[in-house]
Every structure is written in C-alpha cells, then in structure tokens.
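For the single chain, residues carry numbers from 1 onward in sequence order. Atoms within a ligand are numbered from 1 in the order they appear, just like the ligands themselves. Just so it is clear, the values below take in all heavy atoms, side chains as well, and ignore hydrogens, waters and symmetry mates.
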Amino acid sequence: MTQNAVETQTKNGKKSDKEYSIEWFEKTCIIKYKGKIKDRKVLKFVPFINSLGEAGVSIIAWLSVIVGYLSLMAVMIEYTGKISYIWLVILCIIPFSLFCYGLVLTPYVKYVGITGCKNCHKVYAYEETKNPEIKEVSTEDSYTISITRYWKCKYCGYMDITASPENITARKEKKLKKHIKIKCENCGKTELWLEYKKPDERSEENIFTRIRYYKCEYCGHINLKVEIKSACTESSTWESRGSDPRILN
Ligand SMILES: [Zn+2]
Ligand SMILES: [Zn+2]
C-alpha cells in the first residue's frame, strides 16, 4: 500500500459499532466497518442441519420454493371462481409462506457452508464469536468486498477466521456524463461536479447499492453519493441514501 494517503474520513454514529472509515490513496479508497453477526433464527426450521449442513439447507430451500410454487398454482387453478375470494386467499397462505421461506433460506446456503469445522470436520459447527469486519476496496477499475468472520467450533472449541464476499456481487459502473449538484459535506460549498471516479455497484439479496464519488475542488474532500434500489419490481427506482456506504444488514 502506498504511503500517499491524501485523506482519511471517519464517521461516528451514536454507537461505537456504527463507525466506518474511508482511506484514500489517490483514486483508490478502502472502506472498513463492522457488520452484524448473522441471525440464524430462520435455520431453526431446517431438519437435519446438524448432520447435512449446507446440503440440508440447499435441499430445504429448493424444496420449499418448488413445492410452494406448485401448490400455489394448483390452488389457483382448482379453486379460482369456485370459492369466495377470502377462502382463496386463506388457501394460498401456506403455499405462499412455503415459497417465501425457500427464498429467505437461499442466501444462507453459502453461510452454512463456511461453518464446517476444519479441525473436527463436523458440519454447521462454527458459531460467531464477534461482529464480522467488512472491507471494501474500490479502485478506478475494480471493486471488491470481503467479509471477515470470527468463529469458534461448538464441538471442539477450534478458533477460525474466514474472509469471503459471501452472497455479495460487486462491480464497476460507468460514470455519468452530466454534472450533478453536490453540497460538500466538509466545506459546505454547493457546486456542479462531474464524477471523480467510476461508481461502484453491489447487490445482495435483491438489494442494489450504488456509490458515486464527487471531489470538491475547493477543499479536496471526496463526497459519496449512495443510492439504493430493490430489484423486486420492474418499476423500482434508485433512492438516495445519503453518504453512508455500508451494507444495511
Ligand atoms: Zn470442531
Ligand atoms: Zn469542500
């Protein structure tokens, strides 16, 4: 890493675990912050997870999606127009819930895969010991995300550390050709700026986040413009999320 860091920005929220830091090395920036320990409530309903691990979660996720979808279609075909609308909705609740459960479970497949113990070789053995650390590295032409998790095996006590992007896809996007009005969060001046470097885009579980960079030519501060969109609907549009670049969950 070069020593010509031109700027370090640190944001402090109300709690210490809300902190994030941004370091700049010319057009490369490194963003670091703490993530959350993964909530495992949804995995409690997966049978045989302690013996099948990742495979068990994968099978239940796919079965739930397929059986839920087919049952939903069967109910609709069989009963539409024959029973009241209310009864049709009631009959759809279970298949629809099954379908949704499968979708919710899918992102956990990789996570459960990481929890196999390297020492005693038991599956779904690791428990997280502290909050993970997330590091995002953005250069002019590349954008990578790494989540470092800290583990302890619940069977043999083996301690381990893993780093991977998990389910996050990160990529570079094209710069906008037009000037955008930005108020510098450092010096407060408002001006029309072109983007400083190519924007970054990441997606996780149908949530898309885009980070654009604007350098203030008065004070040199690099302002972040973060936008978010849900890909659930065709009509979903990018909404501003201020300057906080962190992953939400
Ligand atoms: Zn172990
Ligand atoms: Zn400024």
Side-chain angles (χ1 to χ4, degrees), residues 4-13 19-31 37-40 43-44 46-58 108-133 138 140 147-164 166 175-200 210-227 240-246:
N4 55 337
V6 292
E7 187 174 12
T8 300
Q9 301 166 10
T10 305
K11 303 277 173 180
N12 295 304
E19 284 181 355
Y20 66 95
S21 69
I22 305 177
E23 280 182 274
W24 283 95
F25 303 90
E26 294 179 344
K27 283 202 174 182
T28 295
C29 73
I30 300 170
I31 305 173
I37 290 176
K38 202 94 160 167
D39 185 347
R40 298 189 182 191
L43 294 171
K44 284 183 182 162
V46 178
F48 314 115
I49 189 168
N50 288 313
S51 51
L52 294 175
E54 184 182 2
V57 181
S58 186
Y108 280 86
V109 174
K110 271 191 190 169
Y111 177 79
V112 172
I114 304 171
T115 63
C117 179
K118 286 176 194 154
N119 185 49
C120 68
H121 304 293
K122 289 203 164 85
V123 295
Y124 195 47
Y126 285 166
E127 281 171 348
E128 290 188 67
T129 55
K130 60 177 179 176
N131 285 23
E133 280 159 18
S138 165
E140 181 65 345
I147 302 173
T148 302
R149 292 192 190 270
Y150 299 87
W151 310 98
K152 186 178 180 183
C153 175
K154 64 185 173 191
Y155 300 108
C156 71
Y158 181 72
M159 308 283 274
D160 197 7
I161 300 170
T162 59
S164 80
E166 296 185 2
K175 279 187 199 173
L176 287 176
K177 290 195 174 116
K178 60 179 180 179
H179 290 74
I180 297 288
K181 194 183 252 185
I182 297 288
K183 185 180 181 188
C184 176
E185 60 178 12
N186 185 50
C187 71
K189 287 202 170 74
T190 302
E191 191 62 79
L192 288 167
W193 303 121
L194 280 170
E195 278 181 88
Y196 176 59
K197 57 183 271 186
K198 286 180 194 161
D200 301 321
R210 191 163 59 195
I211 306 171
R212 295 188 187 279
Y213 302 87
Y214 294 91
K215 185 170 186 174
C216 171
E217 289 180 15
Y218 294 107
C219 71
H221 180 83
I222 297 152
N223 294 277
L224 271 58
K225 191 170 182 288
V226 184
E227 296 162 311
S240 175
R241 233 195 85 198
S243 61
D244 187 341
R246 293 170 300 167

- How many degrees, to 10°, between Cys117 SG and Cys153 SG as seen from the Zn ion (ligand 1)?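 SG of Cys117 and SG of Cys153 make an angle of 110° at the Zn ion (ligand 1), to the nearest 10°.
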- With the Zn ion (ligand 1) as the apex, the SG/SG angle for Cys120 and Cys156 - to 10°: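 With the Zn ion (ligand 1) as the vertex, SG (Cys120) and SG (Cys156) sit 120° apart.
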- Task: Please say which of Tyr158, Tyr124, Tyr111 ends up in a ring pair (Phe, Tyr, Trp, His ring centres under 6.0 Å) with Trp151.
- Result: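 Between Trp151 and the candidates, ring pair (Phe, Tyr, Trp, His ring centres under 6.0 Å) is satisfied uniquely by Tyr111.
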- Task: For the atoms SG of Cys187 and SG of Cys216, give the angle they form at the Zn ion (ligand 2), rounded to 10 degrees.
- Result: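 About 110°, to the nearest ten degrees.
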- Query: So, Arg210 and Glu227, do they make that salt bridge, N to O below 4.0 Å?
  - Reply: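 A salt bridge links Arg210 with Glu227.
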- Backbone or side chain, does Cys184 get an N/O/S atom under 2.8 Å to the Zn ion (ligand 2)?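 Under 2.8 Å: Cys184 contacts the Zn ion (ligand 2) through an N, O or S atom.
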- Query: If you draw the axis of the six-membered ring of Tyr214, does the NZ or CZ of Lys225 fall within 45° of it and under 6.0 Å from the ring centre?
  - Reply: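 No, a cation-pi geometry is absent between Lys225 and Tyr214.
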- Check: Asp160 side chain, Cys117 main-chain N or O, donor-acceptor pair, under 3.5 Å: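 The answer is no, because no donor-acceptor pair under 3.5 Å joins these two groups.
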